[in-house]
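Below: the structure, in structure tokens.
In what follows, chains carry the letters A, B, and so on, assigned in the order in which the sequence lines appear, proteins first and then strands, with residues in each chain numbered from 1.
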Amino acid sequence: MLDARFVRENPELVKKAIAAKGEQADVEEFLQLDERRRKLLQETETLKHRRNIVSKEIGLLKKAGKETGEMMEQMRLSNERMRELDEEIRELNARVEAILLSIPNLPDPDVPVGAQEEDNVEVRRWGEPPKFDFTPKAHWEVGTDLGILDFACAGKITGTRFALYKGDGARLERALINFMLDLHTEKHGYKEIFPPFMVNSQSMQGTGQLPKFAEDAFHVEGTDYWLIPTAEVPVTNMHRDEFLEKDRLPLYYVAYSACFRAEAGAHGRDTRGLIRQHQFNKVELVKFTAPGDSNAELEKLVADAEEVLQLLELPYRVMLMCTGDLGFSAAKKYDLELWMPAYNAYREVSSCSNFRDFQARRAGIRFRSERGSKAEYVHTLNGSGVAIGRTVAAILENYQQPDGSVVIPQILRPYFPASHPGVIRPG
RNA sequence: GGAGAGAUGGCCGAGUCGGUCGAAGGCGGUCGCCUGCUAAGCGAUUAAGUGGGUAAAAGCCUGCUUCGAGGGUUCGAAUCCCUCUCUCUCCGCCA
């Protein structure tokens, strides 16, 4: 959420940002409601000021044994007007807040302006797409033929957009989770968190999923709980409504979690395979930093995620998202995209964003710099480090052999039994 | 699920016959003094949110709100009443 004062003072800038992101939010209505709200606020506060003074006086008079009946009667009357004003202010507050929550974050100045994917900018590429002297199969065929993925069975147990991993497939999934957690904790200095997979609505609002994107998430009926769409939600909310001491920053967290997404707007897209599931695993990186540090921290975050792909020896590219692809809360975002031979295209496995103080303001995550000792909001960043299911898909496609087997990336061998041949074969 | 206790400022912790309590005290922070350095010591200062005024700005002046959340009683509520949430202890149940 943006600062109300900032919106009030820079309405044109905010409107431009809303348009650039392709979002909808009524800044004009905000300005009108806000002005009326402040006018009423002044009126009721004047009345309250008087009440406070008179009440004190009544206390003193009573102590002195004086008559106070008339003053009390007067106060009773002005209380009615206060009640009316407060009621209207409360309504205005709710409407102003609602608009404020619907205004997206401002894009950074160095973010390319654009409406669609084609406007994203490729920053760099790593690795060479493998050359096959046979026609590479799609990962769902590879996995199904090997007997390590079973979509039909998952469909029976649960429904569409779920996957069942078996044998070496399940092992591969688990190996990737452990490999990534180990890398980020041991080499990159992140603290490991294992969060709840359900959160309350306040947490969902803190990171920006609510109120706008309720239909993208699964809600547990009869409760205030939501299945997390990413570990970003519980981990960022760890520090909701807290002050973080300056010398504690930056904070680096890494969390494995299952992620649950309704994919409401994606009917008919990626219906096969592991690319778009209602439930998938992800290792997520989350940072809390001082405001001045978030630019540099985003670059480091991207590098940390890239190292996962490099060690797995999977070809990828880094994309800088244009304003239209930034999403609601981000000020700047890089996507990492893995090469998928069967798609003959790069597909996203990681999204690394700098939210600046947008989430922190919603979630009330503050800190004090030593000097002015004035409270400020921290900056939050996060990125996938990386999505597991899509990585499995990429491994199955990039490491597939002519005979249908799949070579296990070298870095993952220690996560398989010593007796394992290092190749996944049918059976 | 049953019984009880609790929730106060960055942190800890006082505060019930409702009135000068936004809140004692301590810790921590900041500034100054002192000390050969460090440690200790002395003094001052230090809640947040929001509105208005003033200033180029840092800031300064001023109002209102906030003692888990929401509602109520009252001229006046941290203090009284109701509802809810969370935490802790005991019992029961359970992976």
* Say you pick atom P in B:G76 and the same atom in B:G92; how far apart are they, in whole Å? -> 49 Å
* Atom CG of A:Leu40 and atom P of B:G63: how far apart are they, to the nearest Å? -> 21 Å
* **Aromatic centroids of A:His239 and A:Phe288 separated by under 6.0 Å** => yes
* Structure fact -> note: A:Glu376, atom CD; B:A58, atom C1'; distance rounded to Å ~ 13 Å
* Asked: When we call it a touch if two heavy atoms are under 4.0 Å apart, what does A:Arg8 touch: a base, just sugar-phosphate, or nothing?
  -> sugar-phosphate
* Length of the line joining A:Glu87:CD and B:G70:C1', which is rounded to integer Å -> 14 Å
* Asked: Can you tell me how far the CD atom of A:Glu91 sits from the CD1 atom of A:Ile89, to the nearest 0.5 Å?
  -> 11.0 Å
* Asked: Which part of the nucleic acid, if any, lies within contact of A:Arg37, taking any heavy atom under 4.0 Å across all strands shown: a base, the sugar-phosphate backbone alone, or nothing?
  -> sugar-phosphate
* P spacing across the pair B:G25 / B:C42, given as an integer number of angstrom -> 15 Å
* To do: For A:Ala4 and for A:Phe243, locate the closest nucleotide of RNA chain B by heavy-atom distance; then report the residue assigned to the nucleotide nearer the 5' terminus.
  => A:Phe243
* To do: Using a heavy-atom cut-off of under 4.0 Å over every strand shown, decide if A:Arg248 touches base, sugar-phosphate, or nothing.
  => nothing
* So is A:Lys287 actually on top of A:Tyr252's ring, under 6.0 Å and inside 45° of the axis? -> yes
* Using a cut-off of 4.0 Å between protein heavy atoms and nucleotide atoms, how would you tag nucleotides 77-85 of chain B 5' to 3' with B, S and -? -> ---------
Using atom names, set out every protein N or O paired with an N or O of nucleotides 19-26 of chain B below 3.5 Å, distance rounded to 0.1 Å.
residue: B:G19; atom: N2; partner: A:Ser55; partner atom: O; Å: 2.8

* Is any side-chain nitrogen or oxygen of A:Arg361 closer than 4.0 Å to OP1 or OP2 of B:G49? -> no
* A:Val392 versus A:Phe280: any side-chain heavy-atom pair under 4.5 Å? -> no
* Please examine the side chains of A:Val199 and A:Asn237, heavy atoms only from C-beta on, and report whether any two atoms are closer than 4.5 Å. => no
* To do: Please check the phosphate of B:U65 (OP1 and OP2 only) for any side-chain N or O of A:Asn52 closer than 4.0 Å.
  => yes
* Using the P atom in both, what is the distance from B:G6 to B:C81, to the nearest Å? -> 13 Å
* Asked: If we take the P atom in both B:G22 and B:C67, what is their distance in whole Å?
  -> 12 Å
* Asked: Base, sugar-phosphate alone, or nothing: which one does A:Met75 contact when heavy atoms must sit under 4.0 Å apart?
  -> sugar-phosphate
* Asked: How close or far is atom P of B:G10 from atom NE2 of A:His239, stated in whole angstroms?
  -> 16 Å
* Below 4.0 angstrom from OP1 or OP2 of B:C64, is there any side-chain N or O of A:His49? -> yes
* Pair assignment for B:G9, Watson-Crick or G-U wobble, requiring both distances under 3.5 Å -> none
* Report the distance from atom CD of A:Glu80 to atom P of B:C75, rounded to the nearest whole Å. => 12 Å
* Name the pairing partner of B:C90, where a pair is Watson-Crick or G-U wobble with both distances under 3.5 Å, or state none. => B:G2
* Length of the CD1-P vector between A:Ile89 and B:G52, whole Å -> 13 Å
Taking distance alone, no hydrogens or angles, what donor-acceptor pairs closer than 3.5 Å link side-chain atoms of residues 208-222 of chain A to residues at least two apart or in another chain?
residue: A:Gln209; atom: OE1; partner: A:Thr207; partner atom: OG1; Å: 2.7
residue: A:Lys212; atom: NZ; partner: A:Glu23; partner atom: OE1; Å: 3.2
residue: A:His219; atom: NE2; partner: A:Thr223; partner atom: O; Å: 3.0

* **Heavy-atom check, side chain of A:Asp3 versus side chain of A:Asp357, under 4.5 Å** => no
* Pairing partner of B:C31 (Watson-Crick or G-U wobble, both distances under 3.5 Å) -> B:G43
* Side-chain ion pair, A:Arg38 and A:Glu35, N-O less than 4.0 Å -> no
* Asked: Would you say the side chain of A:Asn105 lies within less than 4.5 Å of the side chain of A:Lys21, judging by non-hydrogen atoms?
  -> yes
* Asked: Under a 4.5 Å cut-off applied to non-hydrogen side-chain atoms, are A:Ile148 and A:Leu396 in contact?
  -> yes
* To do: For B:A24 and B:C12, measure between their C1' atoms and round to the nearest Å.
  => 14 Å
* Counterpart base for B:U38, defined by Watson-Crick or G-U wobble contacts under 3.5 Å -> none
* Listed nucleotide nearest any side-chain atom of A:Gln42, set B:U50, B:U65, B:G51 -> B:G51
* Asked: Using atom C1' of each nucleotide, how far apart are B:U87 and B:G28 to the nearest Å?
  -> 25 Å
* **A:Asn79 vs B:G76: side-chain N/O to OP1/OP2 distance below 4.0 Å** => yes
* To do: Would you please say whether a donor-acceptor pair under 3.5 Å links the side chains of A:Tyr377 and A:Gln359?
  => no
* Asked: Who does B:G51 pair with, Watson-Crick or G-U, both distances under 3.5 Å?
  -> B:U62
* Can you find a side chain N or O atom of A:Arg5 that sits less than 4.0 Å from OP1 or OP2 on B:U50? -> yes
* Asked: How far does the P atom of B:C33 sit from the matching atom of B:U38, given to the nearest Å?
  -> 14 Å
* Picking from A:Arg276, A:His278, A:Arg161, what satisfies side chain to side chain donor-acceptor pair (under 3.5 Å) with A:Glu263? -> A:Arg276
* To do: Find the distance A:Asp241:CG to B:A47:C1' and express it as a whole number of Å.
  => 15 Å
* Asked: Would you say the side chain of A:Arg362 lies within less than 4.5 Å of the side chain of A:Leu101, judging by non-hydrogen atoms?
  -> yes
* Asked: Who is the Watson-Crick or G-U wobble partner of B:G19, with both distances under 3.5 Å?
  -> B:C75
* Starting from the 5' end of RNA chain B, give me the residue, A:Arg83 or A:Glu45, whose nearest nucleotide shows up first. => A:Glu45
* **Inter-nucleotide P distance (B:A23, B:C64), Å rounded** => 13 Å
* To do: Look through every strand shown and name the nucleotide pairing with B:A95 as Watson-Crick or G-U wobble, where both distances are under 3.5 Å.
  => none
* Atom CE of A:Met82 and atom P of B:G63: how far apart are they, to the nearest Å? -> 17 Å
* Which base sits across from B:C67 as a Watson-Crick or G-U pair, both distances under 3.5 Å? -> none
* B:U74 phosphate, OP1 or OP2: any side-chain N/O from A:Arg76 under 4.0 angstrom? -> no
